[in-house]
Engineer: 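Please see the structure below; I have some questions.
Protein chains get the first letters and strands the later ones, always in sequence-line order, with residue 1 at the start of each. Remember, it's a predicted structure, so these values are computed and weren't measured experimentally.
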Amino acid sequence: MTPEALSAALVAILRQLQDDRILAAGELPTEVVVERPRNREHGDWATNLALQFAASFSLKPRDLAEHVAKALQTTAGVSKVDVAGPGFINITLDAGLAGEIAQQIVDAGESYGRSDALSGEKLNLEFVSANPTGPVHLGSTRWAAVGDSLARILQSQGAEVTREYYFNDHGAQIDRFARSLLARARGDQIPEDGYAGAYIDQIANQVLDGTAVELLNLPEAEAQEAFRAAGVELMFQEIRSSLHEFGVDFDVYFHENSLYESGAVDRAVERLKAGGHMFEQDGALWLRTTTFGDDRDRVVLKSDGEAAYIAGDLAYYLDKRSRGFDRCIYILGADHHGYVPRMMAMCAAFGDEPGVNLEILIGQMVNLVRDGEPVRMSKRAGTVVTLEDLVDVVGVDAARYALVRSSINSSLDVDLALLEKKTNDNPVFYVQYAHARTRQVAVNAASLGVERVEFAPELLDHATEEELLAKLAEFPRVLSHAADERSPHRVARYLEEVAGSYHRWYDNCRVTPLAGADVETVHRTRLWLNEATSTVLRNGLGILGVIAPERM
RNA sequence: GCCCCUAUAGCUCAGGGGAUAGAGCGUUGCCCUCCGAAGGCGAAAGCGCAGGUUCGAGUCCUGCUAGGGGCACCA
């Protein structure tokens with residue numbers, strides 16, 4: 001009996017009580033929270049439904065709890081029901097029932113934890129979208145790890161997810177990038193507002209290598225354009241390849257420039273004009289975002305005729321919608337949070353529903369620290385840490401795990417000194433080690449003739465087995481909750497708990513018999529539990545884009 | 001001035017209104033004659049402050065304090 005099954009049984013009981021006129025008419029909850037009580041004396045599972053819903057039926061919590069408890073007594077698989085405290089319902093299952101989940105998990109394999117809750121939803125998830133004026137830095141790397149895991153989580157719930165990267169190859173910053181390249185190619189100083197760093201020299205040289213030397217003798221505008229086109233392409237390739245090394249591949253790399261070349265920007269503006277959301281003032285064209293809650297209106301076409309940045313976003317959003325995405329999710333850094341109200345206003349101006357068709361996740365920044373002291377990331381000071389730097393020092397697994405295990409609402413400190421020491425203080429090793437252990441136990445079991453030829457779940461009755469089984473049973477809900485809350489970090493935290501439960505079990509219950517002893521049913525049964533743990537750890541690590549190693 | 005995020009153990013962070021607030025690292029005491037000690041068991045150690053809502057608040061609301069980020073016809 002899984003917590004989901006118990007929850008469903010409880011909902012059915014409430015419906016029955018209503019049919020029997022014990023409960024007043026009224027809306028019933030569609031889901032009831034069934035939790036593992038912290039204190040094992042409180043049974044296998046507990047629910048607070050009486051405390052939650054008693055008031056809406058004009059009952060005292062304990063009275064409602066008694067009614068539910070009485071009905072639950074007769075439910076198959078339930079051995080004991082208690083009402084405790086103000087109205088908690090504590091449930092104990094029949095021996096063996098809790099153990100069945102081990103076999104179910106092994107049978108489900110890769111599909112354990114998946115659901116079809118989001119099937120039919122077509123989601124567009126945009127993240128990273130770092131500008132092609134430099135390598136992917138530490139901050140963006142966080143969104144690469146988080147975004148990719150979130151995509152996997154949403155896919156596990158049946159959603160059709162497109163990972164998208166908005167490639168910002170239009171506008172003034174690209175011009176500065178091009179001027180910087182050109183200057184370095186000529187051996188000149190970087191312009192005042194330009195980009196510095198060794199990578200600029202590298203790319204400038206690459207551009208030169210790939211073309212005729214006469215490039216430098218072209219008229220200024222043509223030379224700059226040549227460096228812009230070639231430099232952006234090289235930068236783009238580098239970003240793409242470092243993300244690929246990081247295990248993050250996008251389905252769509254969308255070039256901002258294409259929106260201008262295709263006329264999509266003009267069409268978006270026309271549509272907003274037709275909707276009566278645009279006005280002219282001071283020679284510029286404005287979008288009246290204040291109609292939809294923004295604190296001031298926004299310029300779309302500047303008085304010099306150039307498009308403001310938001311113009312591209314208008315067209316880009318419409319383009320996503322026209323590609324059939326019900327929901328467009330953006331992951332943006334905290335330095336862009338001020339951008340949210342105007343994006344939401346834009347969404348509303350197009351007649352869409354902000355928060356539904358357009359969803360923006362704001363993630364806090366990554367701070368660089370050395371020995372506890374903050375380090376300012378500065379390209380000029382050479383203290384920019386890139387995705388590749390991070391991976392070079394700690395590897396993909398540790399990097400992804402460290403960046404994904406915290407809530408995006410918290411800023412994250414990355415300590416350089418710690419990373420340089422290559423210490424194993426990253427919890428990813430704790431989880432990976434647990435998985436490696438399950439595999440080695442399986443290897444040893446096989447060599448000693450322990451096989452999964454029989455399964456007697458009632459033998460999984462040690463305290464550490466009950467704990468582990470309950471933990472494994474939570475995986476589907478953890479995934480579903482992580483999807484609902486857009487919180488990949490919950491999966492990481494959950495895996496750490498699974499690993500802990502497994503290590504404790506390993507310490508108490510042997511899968512292989514002691515030397516000279518016979519292989520018994522209990523060993524064969526435990527092998528199922530070992531395999532189930534392996535499955536959950538493997539599936540969970542897969543969600544995080546981290547390898548589940550056979551050995552370490 | 002306005003907006004967003006944060007404040008939980010020595011450090012980095014979890015914690016879905018519920019029962020005795022957790023993990024990793026660090027400190028410290030124990031446990032390898034048999035499936036991996038990258039492990040387990042134990043100890044010390046914590047919800048910024050003040051109100052409020054609630055049967056019940058680390059969690060929700062208000063105010064305060066502190067830290068981070070943002071408030072362009074930049075992108």
Engineer: If you check every side-chain atom of A:Trp286, which of B:A23, B:C73, B:G39 has the closest atom?
Structural biologist: B:C73

Engineer: Around atom CD of A:Gln281, are there more than 12 heavy atoms of other residues, nucleotides or ligands at under 6.0 Å?
Structural biologist: yes

Engineer: Kindly indicate whether the side chain of A:His337 and the base of B:C3 share any N or O donor-acceptor pair separated by less than 3.5 Å?
Structural biologist: yes

Engineer: Quick one: does A:Thr464's side chain get under 4.5 Å of A:Cys509's, heavy atoms only?
Structural biologist: yes

Engineer: Taking the six-membered ring for Trp, does A:His481 stack with B:G16 (centroid gap under 5.5 Å, planes within less than 30°)?
Structural biologist: yes

Engineer: How close or far is atom P of B:G16 from atom CZ of A:Arg36, stated in whole angstroms?
Structural biologist: 20 Å

Engineer: Using heavy atoms to find the nearest nucleotide of RNA chain B for A:Ala84 and A:Lys302 separately, return the residue whose nucleotide is more 5′.
Structural biologist: A:Ala84

Engineer: Roughly how many Å is it from CZ in A:Arg40 to C1' in B:A19, rounded to a whole number?
Structural biologist: 15 Å

Engineer: May I ask whether A:Tyr430 stacks on the base of B:A38, given the cut-offs of 5.5 Å between ring centres and 30° between planes?
Structural biologist: no

Engineer: Identify, between A:Leu514 and A:Gln173, the residue whose nearest nucleotide on RNA chain B lies closer to the 5' end.
Structural biologist: A:Leu514

Engineer: With a cut-off of less than 4.0 Å, is there a side-chain N or O of A:Arg490 near OP1 or OP2 of B:G15?
Structural biologist: yes

Engineer: Check whether more than 12 heavy atoms from other residues, nucleotides or ligands sit under 6.0 Å from atom CZ of A:Arg40, and answer yes or no.
Structural biologist: yes

Engineer: Classify the ring geometry of A:Tyr165 against A:Phe167: parallel below 30°, tilted from 30° to 60°, perpendicular beyond 60°.
Structural biologist: tilted

Engineer: If we take the C1' atom in both B:G24 and B:U62, what is their distance in whole Å?
Structural biologist: 36 Å

Engineer: For A:Leu49 and B:G17, what is the distance between atoms CG and P respectively, to the nearest whole Å?
Structural biologist: 16 Å

Engineer: Kindly point out which of B:A38, B:C73, B:C74 is positioned nearest to the side chain of A:Ser303?
Structural biologist: B:C73

Engineer: Is B:C11 syn or anti, taking syn as a glycosidic angle within 90° of 0?
Structural biologist: anti

Engineer: May I ask which nucleotide in the shown strands pairs with B:C41, Watson-Crick or G-U wobble, both distances under 3.5 Å?
Structural biologist: B:G29

Engineer: Testing A:His170, A:Gln173, A:Glu256 for side chain to side chain contact (heavy atoms under 4.5 Å, CB included) with A:Tyr309, which one passes?
Structural biologist: A:Glu256

Engineer: Output the rounded distance in Å from CH2 (A:Trp143) to P (B:G69).
Structural biologist: 14 Å

Engineer: Across all strands shown, which nucleotide pairs with B:G16 by Watson-Crick or G-U wobble geometry, both distances under 3.5 Å?
Structural biologist: none

Engineer: Kindly indicate whether the side chain of A:Asp507 and the base of B:G40 share any N or O donor-acceptor pair separated by less than 3.5 Å?
Structural biologist: no

Engineer: So which nucleotide from B:C73, B:G70, B:G18 ends up closest to the side chain of A:Leu51?
Structural biologist: B:G18

Engineer: Please report, rounded to the nearest Å, how far the P atom of B:C34 is from the CD atom of A:Gln440.
Structural biologist: 17 Å

Engineer: When the P atoms of B:G15 and B:G48 are compared, how many Å lie between them, rounded to an integer?
Structural biologist: 15 Å

Engineer: Quick one: do the A:Asp397 and A:Gln432 side chains pair a donor with an acceptor below 3.5 Å?
Structural biologist: yes

Engineer: Can you tell which of B:G18, B:U6, B:G69 lies closest to the side chain of A:Ser410?
Structural biologist: B:U6

Engineer: Considering only B:G40, B:G17, B:A72, which nucleotide approaches the side chain of A:Arg504 most closely?
Structural biologist: B:G40

Engineer: Round to the nearest Å and state the distance from A:Tyr494 atom OH to B:A23 atom C1'.
Structural biologist: 15 Å

Engineer: Expressed as a whole number of Å, how far does the C1' atom of B:A23 sit from that of B:A75?
Structural biologist: 41 Å

Engineer: Cation-pi check for A:Phe279 against A:Arg288: NZ or CZ below 6.0 Å from the six-membered ring centre and within 45 degrees of the axis, yes or no?
Structural biologist: yes

Engineer: Could you state the atom-to-atom distance from CZ of A:Arg439 to P of B:G39 in whole Å?
Structural biologist: 20 Å

Engineer: Please confirm whether any donor atom in the side chain of A:Asn90 sits under 3.5 Å from an acceptor in the base of B:A19, or the reverse.
Structural biologist: yes

Engineer: Ignoring hydrogens and angles, does a donor from either the side chain of A:Asp413 or the base of B:U12 sit under 3.5 Å from an acceptor on the other?
Structural biologist: no

Engineer: Let's see if you can work this out: which of B:G69, B:C73, B:A14 has an atom nearest to the side-chain heavy atoms of A:Asp335?
Structural biologist: B:G69

Engineer: How close or far is atom C1' of B:G69 from atom CD1 of A:Ile360, stated in whole angstroms?
Structural biologist: 16 Å

Engineer: Tell me whether A:His42 and B:A19 count as stacked here, given that the ring centres must be under 5.5 Å apart and the planes must differ by less than 30 degrees.
Structural biologist: yes

